[in-house]
Amino acid sequence: MFGYLMIGFNAVMPMVMYMLLGQMFARSGMIQESSFKEFNKAIFSILLPINLFTNIYISDFKQTFNASTLAFILITAATLYAILAFVIPKLESEQTRYGVMLQGSVRSNAILFGLPLGTALLGESNMGMVTITIAIIVPFWNIMSVVGFSLYSDSKVSFKQMGKTVITNPMVIATIIGILVVLFNIQFPVFINTTLTNINRMVSPLALMVMGGTFSFKEIRNSGKSLIFTLSNKLIILPLIAITLGALVGFRNDAIISILIAFAGPTAVSSYAQAVAAGGDGKLANQIVVFSTILSMFTLVVWITLMKVFGLF
């Protein structure tokens, strides 16, 4: 049991250390807030797409891709989303919190946490399915977050604009290119392969350090049941439902790790900016991001340990 616990601990703790380094750089003034923002742009526009592409390129994608896993994740996600969209207004009185609680409960930080966690648990050469899952689930949650805020407001959803946003997303483009390269069996020269591999290993630590540096604790205040409800959904209830159902269906190894990443990670950092832009409770959104990230360091270890105990990977 202790050995299984250490597997989860060793997979999660490096991510904690990277974020602590970023926070240290920010608090010491070694790196300014404006610099972190510029780093963030480069990471999401260039480096993470390269990371996604490389994970597909170096994996045995043709053998590992599992359409049923992806279908299970999307159907489960949409079902849980619909249930919460109905339940939240029954429990919360402040309308500005509806959309914040909904996206905070379901929208995972799949890229920044999913890539390093998947690599730690599966290895670089087995990340094909996980990468495809991340590339699909991230724009899916982006769209559903927009829909969620629109459900509780008078503004209309522009599906044309959402479609354009998804198609032009650098990470979606990189994933499609990666799939095509593998399908057509295109091989790059050694120096390009070496460059891609080195960037691939650098991106996740850098992204987590930047994430740690951009965290703000200034707006932390007590939000009572709204915060507890959202964190319970994000870190315990939804992962429990998704992982249990996935295990019962028969998913194992990279498939069950893909489900873990899609549902058990902390709330996406970008959800704060989207909540503010949509007129939601920005302070609550910030608390959800910060506390879900901190608490996920413990809950992820528990989930990984339990999955290992039951022989799911």
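As the structure is a prediction and not an experimental result, all values here were calculated from the model.
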Would you find a donor on one side and an acceptor on the other, under 3.5 Å apart, between the side chain of Ser292 and the backbone of Val289? yes
Between Met127 and Leu115, the two heavy atoms sitting closest are CE-O, 3.6 Å
Do other residues, nucleotides or ligands put more than 12 heavy atoms under 6.0 Å from Met17 CE? no
Asn233 side chain to Phe229 backbone, donor-acceptor under 3.5 Å: yes
Check whether Tyr81 reaches the backbone of Gly148 with its side chain - one donor and one acceptor, N or O, closer than 3.5 Å. yes
Kindly indicate, with the supporting measurements, whether the criterion side-chain contact (heavy atoms from CB on, under 4.5 Å) is fulfilled by Phe313 and Leu121. CA-CA 9 Å; Phe313 73 98; Leu121 296 174; 4.1 Å; yes
Could you walk me through whether Val130 and Asn55 pass the side-chain contact (heavy atoms from CB on, under 4.5 Å) test, one step at a time? CA-CA 9 Å; Val130 171; Asn55 283 332; over 6 Å; no
Keeping the roles fixed (side chain from Arg107, backbone from Val269), state whether a donor-acceptor pair exists under 3.5 Å. no
Quick one: does any side-chain atom of Thr76 pair with a main-chain N or O of Ile73 as donor and acceptor, under 3.5 Å? no
How many angstroms lie between atom CZ of Phe39 and atom CZ of Phe44, to the nearest 0.5 angstrom? 14.5 Å
Show the numbers, then the answer: is there a side-chain contact (heavy atoms from CB on, under 4.5 Å) between Val210 and Ile31? CA-CA 10 Å; Val210 171; Ile31 301 178; over 6 Å; no
As a quick check of understanding, evaluate side-chain contact (heavy atoms from CB on, under 4.5 Å) for Leu206 and Leu47, giving each step before the final call. CA-CA 10 Å; Leu206 178 61; Leu47 295 178; 3.9 Å; yes
Sub-3.5 Å donor-acceptor pair from the side chain of Thr244 to the main-chain atoms of Leu240, do we have one? yes
Answer whether the closest heavy-atom distance between the side chains of Met144 and Gln103 falls below 4.5 Å. no
Polar side-chain atom of Lys308 near backbone of Gly8 as donor-acceptor pair, under 3.5 Å: no
What's the shortest heavy-atom distance between Ser226 and Arg97, and which atoms? OG-NH1, 3.0 Å
Whether Trp303 side chain and Leu235 backbone form a donor-acceptor pair below 3.5 Å: yes
Which pair of heavy atoms, one from Met129 and one from Asn66, lies closest together, and at what distance? SD-N, 3.2 Å
Quick one: closest heavy-atom pair of Gly99 and Tyr152, and the distance? N-CD1, 3.6 Å
Nearest heavy atoms of Leu208 and Pro116, plus distance in Å: CD1-CG, 4.1 Å
Rounded to the nearest 0.5 Å, how far does CD1 of Ile83 lie from CG of Leu102? 12.0 Å
Is the ring centre of Tyr57 less than 6.0 Å from the ring centre of Phe188? yes
Correct closest heavy-atom pair for Ala275 and Phe149 would be CA-CZ, 3.6 Å
If we ignore hydrogens and angles and just use 3.5 Å, is the side chain of Asn253 paired with the main-chain N or O of Ala255 as donor and acceptor? no
Do we see a donor-acceptor contact under 3.5 Å between the side chains of Lys234 and Ser108? yes
So does Leu122 get a backbone contact from the side chain of Asn126, meaning a donor-acceptor N/O pair under 3.5 Å? yes
